[in-house]
Amino acid sequence: MSDLSCNFLGLNLRNPLVLASGVLGTSPGLLERVAACGAGAVTAKSCGPEPRAGHANPISVEWAGGVINAVGLTNPGLKDEVPILREAKARLRELGVPLIASIFAPTVDDFGRMAAGISAAEPDLIEVNISCPNVSDDFGTPFSGSPETTAAVTRKVRENTNLPFTVKLSSNVPSIARIALAAEDAGAHAITAINTVPGMLIEARAASPVLSNRVGGISGWAIKPIALRCVAEIRKAVKLPIIGLGGISTGQDAAEMIMAGATAVGVGAAVMQRGPQVFALIAQELDDFMNAEHYPNLEKMRGIAIR
Amino acid sequence: MSHQDLFLTFTVAENRKENYRAQTLVLDAPLPAAQPGQFIMAWLPGIGEKPFSVAAADPLTLTIAAVGPLSEALCRLPIGARLWARGPFGQGFKLEGKKLLLVGGGYGAAPLRFLAQEGLRVGAKVCVCLGAKTADDLLLAEAFRSLGCTVWTATEDGSAGLKGLVTGAVEAALRDFRADGLYACGPKPMLLALVELCRKHELPGQFSWEALLRCGLGLCGNCELDEETCKAAGIPTGWLTCKDGPVSFLSSPGR
């Protein structure tokens, strides 16, 4: 048996697998269920200052390459999210699984308020989601689109919380390494990459996009090569730990992501394909792979493909 | 290279009135994989997408109550019009035993029609209890009778069948019909009352729960059944109606 344990900013994860934000992270009961299914850490659904209903159905459709979604940041708003996260934290403590809160906001100043507000729930880590591709009608170009706006949000969050935080980036930029560097210089503790990739699917017989929002974020195995490339570029540019995600469905996928330089590995769309038990399955497959390939621990594998 | 359709395309072959606001749409093709209790997501581009239980699979048949913009548009579809669907989704009913007691509250009757057909096809006896607010709201009572089921009805105002809730009809039916199992679909209070009734009679039960479905894929978490209901109905917490359900099982009542 290989050692799958993962130290992430001082947090001890039993394995490197992290529930991605936006998947089943809406309640204490669901976060607890995913933790009980073997996740190393869990991320709650992104929360903003005010309640949002999200987009109208269809919000999510499965296709050959994975999933396209435009849920539209459905969330109960900061005021109601804090007690949900507090309850989740209490239940997850019993299981020894860290809780990652996730925040988004329409302005730089609101990111500061969100960081301060969500800290009251004492999550183990805060994900700063500056890269949701599905709310441009409301919020304009994501903050992750330029080094300047990325740095501005990062600085504001840093000023407003003492908790460690990770900045979630989009692949949809000319150089993700420059964006990651801007986050590092502005005080981020970690990088999460990548968010879903903007795309559109059309149902030809209906002569219509399949999502009510017309465009959405692509996730699942179609985006794995994009995610691996992005994580490798970030790894070479910054020293911060990285949660690498995008199309990770099997233990071998997780190994590839760690070989690209990720510290921990996010899992999202695969929860649809393989159910919440996907975490135990991937952990077992990763263990099998590491045994067969003689890696005693994750550190021996980390970044090995990009040296 | 094969192409995976995102939605299946159907055409309306028949559109018949069931009551003052419910229509049955018979479509032009089967959905062979569908089991009783499963659902599809029906979509009209530009109008919306919602879950509907499968009322029959060959050809695909939906019984729809006009309660919102999408269901109203679906009920108005003329013969030859197209609609789109993805699915089937979810865990359906499991047919067990030879004497089936089906209980439908309001529009919960729709998936039971498919279950009744399947039960009768394998030689089971099927007794159906239908509950509604008034006689006008009763759904599919004649359809169940013409299939060959025994039908009991209950209405809250007493305008048809027994006066009161459907649980009264179930208690009455159980006096001469020694059911092997109860299969129910309807609003939450009805299902919770039937869970208790099954425990009292030591009767295995299967319950199809309603929820506001969004993704239908087990990703968004929107359709999680509330913890209080889970505890009352013997369901693990964090239960997703779209993926773990919509049918839950109470297999060892009384214990």
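Naming: A, B, ... by sequence-line order, numbering from 1 per chain.
- Partners of B/A13 by side chain to side chain contact (heavy atoms under 4.5 Å, CB included), not counting sequence neighbours: none found.
- Heavy-atom distances place both the backbone and the side chain of B/L240 under 4.5 Å from chain A.
- Looking at A/P209, the atoms closer than 4.5 Å to chain B (heavy atoms on both sides) all sit in the backbone: N, CA, C or O.
- Contacts between A/A206 and chain B at a heavy-atom distance below 4.5 Å involve backbone atoms as well as side-chain atoms.
- Applying the ring pair (Phe, Tyr, Trp, His ring centres under 6.0 Å) rule to A/F104 yields the partners A/F139; only residues at least two apart in sequence or on another chain are considered.
- Shown here are the ring pair (Phe, Tyr, Trp, His ring centres under 6.0 Å) partners of B/F39, two or more places apart in sequence or in another chain: B/F89.
- None of A/I59, A/V61, A/V23 except one satisfies the side chain to side chain contact (heavy atoms under 4.5 Å, CB included) rule with B/C215; the exception is A/I59.
- Looking only at heavy-atom pairs under 4.5 Å with chain B, the residue among A/A64, A/G54, A/P276, A/A269 that has the most is A/A64.
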Using only the distance criterion (under 3.5 Å, no hydrogens considered), which donor-acceptor pairs connect chain A with chain B?
unit_1	atom_1	unit_2	atom_2	d
A/L24	N	B/L219	O	2.8
A/S27	OG	B/E224	OE1	2.6
A/S27	OG	B/E224	OE2	3.1
A/R33	NH1	B/G238	O	2.7
A/R33	NH1	B/D244	OD2	2.6
A/R33	NH2	B/D244	OD1	3.1
A/A53	O	B/R214	NH2	3.4
A/H55	O	B/R214	NH1	2.9
A/H55	O	B/R214	NH2	2.6
A/N57	OD1	B/R214	NH1	2.8
A/N57	ND2	B/E49	O	3.4
A/N57	ND2	B/E49	OE1	3.3
A/N57	ND2	B/R214	O	3.1
A/S60	O	B/R86	NH1	3.3
A/S60	O	B/R86	NH2	3.1
A/A64	N	B/Q4	OE1	3.0
A/R91	NH1	B/E227	OE2	3.0
A/R91	NH2	B/E227	OE1	3.1
A/R91	NH2	B/E227	OE2	3.2
A/E203	OE1	B/L6	N	3.3
A/E203	OE1	B/F7	N	3.1
A/R205	O	B/R82	NH1	3.1
A/R205	NH1	B/D5	OD1	3.1
A/M272	O	B/K243	NZ	3.2

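- Scanning both residues, B/L6 and A/I202, for their nearest heavy atoms gives CD1-O, 3.6 Å.
- For the options A/V34, A/V210, A/L31, A/L201, heavy-atom pairs under 4.5 Å to chain B are most numerous at A/V210.
- In terms of non-hydrogen atom pairs under 4.5 Å with chain A, the most contact-rich of B/P45, B/G238, B/P236 is B/G238.
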